[in-house]
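Quick note: numbers below take in every heavy atom, side chains included, and nothing from hydrogens, waters or symmetry partners. In what follows, every chain begins at residue 1, and chains take the letters A, B, ... in the order their sequences are listed.
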Number of protein chains: 2
Amino acid sequence: MRSKQPTIWDIAIKLNVSISTVSRALRNAPDINPETKKAVLDLAHQLDYQPNTVAASLRKNKTDIIGVMVPEFVHAYFPNVILGIQEVANATGYKVMVMQSSESLDIEKHNLQAMVSSRVDGLILAITRETNDYEHIVAAQRKGLPIVFFNRIVDELQGSKVMVDDYKGAFMAVQHLIQTGCRRIAHLAGPENMTIGRNRLNGYLDALKAHQFPIDESLIMHCDFVEGRARRCTQLLLDMPNRPDALFAVNDPTAVEALICIQENDLSIPNDIALVGFSNAPHSTFVTPPLTSVVQPIHEIGQLAAQLLLRQINAPQQFIPETHVLDTTLVIRKSTRELI
Amino acid sequence: MRSKQPTIWDIAIKLNVSISTVSRALRNAPDINPETKKAVLDLAHQLDYQPNTVAASLRKNKTDIIGVMVPEFVHAYFPNVILGIQEVANATGYKVMVMQSSESLDIEKHNLQAMVSSRVDGLILAITRETNDYEHIVAAQRKGLPIVFFNRIVDELQGSKVMVDDYKGAFMAVQHLIQTGCRRIAHLAGPENMTIGRNRLNGYLDALKAHQFPIDESLIMHCDFVEGRARRCTQLLLDMPNRPDALFAVNDPTAVEALICIQENDLSIPNDIALVGFSNAPHSTFVTPPLTSVVQPIHEIGQLAAQLLLRQINAPQQFIPETHVLDTTLVIRKSTRELI
DNA sequence: TTGAAAGCGCTAACAT
DNA sequence: ATGTTAGCGCTTTCAA
């Protein structure tokens, strides 16, 4: 059904010049007569000529597309990262192709193949929670695909990485709970094979130790980003004979599940149970009570990842991967008690 | 930096066959010797050959990519629609290229050009709130680009459209407010040039009329999807000498802004002010109180839009645009009063 | 069942 | 400053 669109050939014929002249004019090459150039541009505009980037990509062996794959984008975190990516991509003439793996390793593999087949110039990737075999990723890297990782980071993979100071954020969060009088602090944890889960857990543990609190393993629940699991874990905690008086959640969706569960049990936040999240999202502000949360520079994560990727794509030689750690801050709202 | 990837030519040389044979094997054409085919597939697998879809697209004049452009995707509505789109696209071998216009007409135009240049096979589009000139869209259609519209729909544009029964949803919402004892019902409205805004407004008006309520123009506030405006409009309503006792919001983000504003004024929901949203999102469930809202089949909207687009893309002849209207239902939660 | 060859629209030497 | 030409990797007639 697609009617044929004008090509440089059409323009060349009408203007009685060669296609290379047209091509030069369109890409404003230096060696061209301003008048011919104007004629070409005018006609191109008149015909509403749109260059066929498919052809250009094939010829240049470069698509000017960067791929982005995330586990999901219904929570606000990933969309906001993508926003940051698109910002720097568009500013430099790149397009962004977004895919999502739905936390499924199979889909991740399939999408990665599609990205490779589409010959994206590079990829910004947050792996799924079930990705424990990295051969498909390493294979893509062997083919020369530059990949920048963020959020879901594992030590086994090489490449540039953008992370936030999870350890410090977790430490501050738990310390704040301690300073506001909480005594039994539970942790709704993430997957331990990811640095994001491990570092936040370590921050939790070290904060307890720093204040001479005992470590109670039964207060550490692995929710691992699985939807619905935080709710069940919270219920288990609430049902304990001596239930905790505070929860530190590995991220905001987890915290929100906990919040709903606590309220369903007719307990009050923060008086019965104090609650801290780790901000994936601005929406932590409009639950009731608004969530005390560790805030991370989401937008900047995307921008930085894109910048790193573009540097690598355009690197003349071998590019040495960089790991960047961005700062986190604790924002105190109403889900934790007042300082004593 | 990109190392060259294997091509059908590499395979052909090694197997001492022609590239057309390799091509046939790879696309499992009917007329090929099973043994040659197996040899090709084995070698392809061994080399980790990934077809260059850029080249195939150029040759076939078809990219197997469908474009999606939305005004934003940080609220849950659009991501969920995209989920539905990706589902049917992936099932039929299409890839999805997502762009967002950030509610900016300029970006919309720019992105649309990029989509055309990338030669996407079709586009699923929700225009920005400031798009009041449609020439760029019509121009793309003239080039033969099939476009399916959803959510942000205007009468002036031709093409398949996926909508929900906004009128009925709004009518039910307002009727429910009336039946629960509300007497002064305000409307936080959307843009009137879009059917989404107009139909919801009409539902509001007709529900009032049907119950012999007077229409008070000062209770209709145009928030038009502009972030922050709902909050200010709500404040204006609350400051009125005889303030409304109920608000019907054009969508959930608008309702959430109103909710925050009402609570900041120390008024109670639903006793002082009842509140109904129009569901763009599942998150209406976890604000406090959970929002009574008109629910629409978000996922299905995406699926249907994709199906319509694919039908049009693969239509042998001229395709006659279809408009589909999906049903809405009122889900009663805690932001409205009990039935009397 | 296979091969030869043309060409999709563009870029980039190279030549003039 | 402009033209000629050879591909990029693939699909698809047409011929064998």
Per the side chain to side chain contact (heavy atoms under 4.5 Å, CB included) rule, which among A:Ile82, A:Leu123, A:Val81 passes with A:Val68?
-> A:Ile82
Taking only heavy atoms on the protein side, list every residue of residues 10-25 of chain A lying under 4.0 Å from any atom of DNA chain C, sorted numerically.
-> A:Ile19, A:Ser20, A:Ser23
Proximity to DNA chain C (any heavy atom under 4.0 Å), residues of residues 32-51 of chain A only = A:Tyr49, A:Pro51
Would you say the side chains of [X] and [Y] form a donor-acceptor pair under 3.5 Å?
X	Y	answer
A:Gln86	B:Gln100	yes
B:Ser101	B:Ser104	no
B:Gln113	B:Asn111	no
A:Ser20	A:Ser18	yes

To the nearest angstrom, how far is [X] atom [atom1] from [N] atom [atom2]?
X	N	atom1	atom2	result
B:Gln5	D:dC10	CD	P	10 Å
B:Asp31	D:dA15	CG	P	16 Å
A:Ile8	D:dT5	CD1	C1'	13 Å
B:Asn52	D:dG7	CG	P	18 Å
A:Lys4	C:dG7	NZ	P	13 Å
B:Arg27	D:dC10	CZ	C1'	9 Å
A:Lys62	C:dG9	NZ	P	23 Å
A:Lys60	C:dA13	NZ	C1'	16 Å

Flag the pair A:Lys143 and B:Asp48 as a salt bridge only when some basic side-chain nitrogen lies within less than 4.0 angstrom of an acidic carboxylate oxygen.
-> yes
With a 4.0 Å cut-off, would you call B:Lys161 and B:Glu322 a salt bridge?
-> no
Evaluate the ring planes of B:Phe78 and B:Phe150, with Trp represented by its six-membered ring, and classify them as parallel (under 30°), tilted (30 to 60°) or perpendicular (over 60°).
-> perpendicular
CZ of B:Phe149 to CD1 of B:Ile127: how many Å apart, nearest 0.5 Å?
-> 7.5 Å
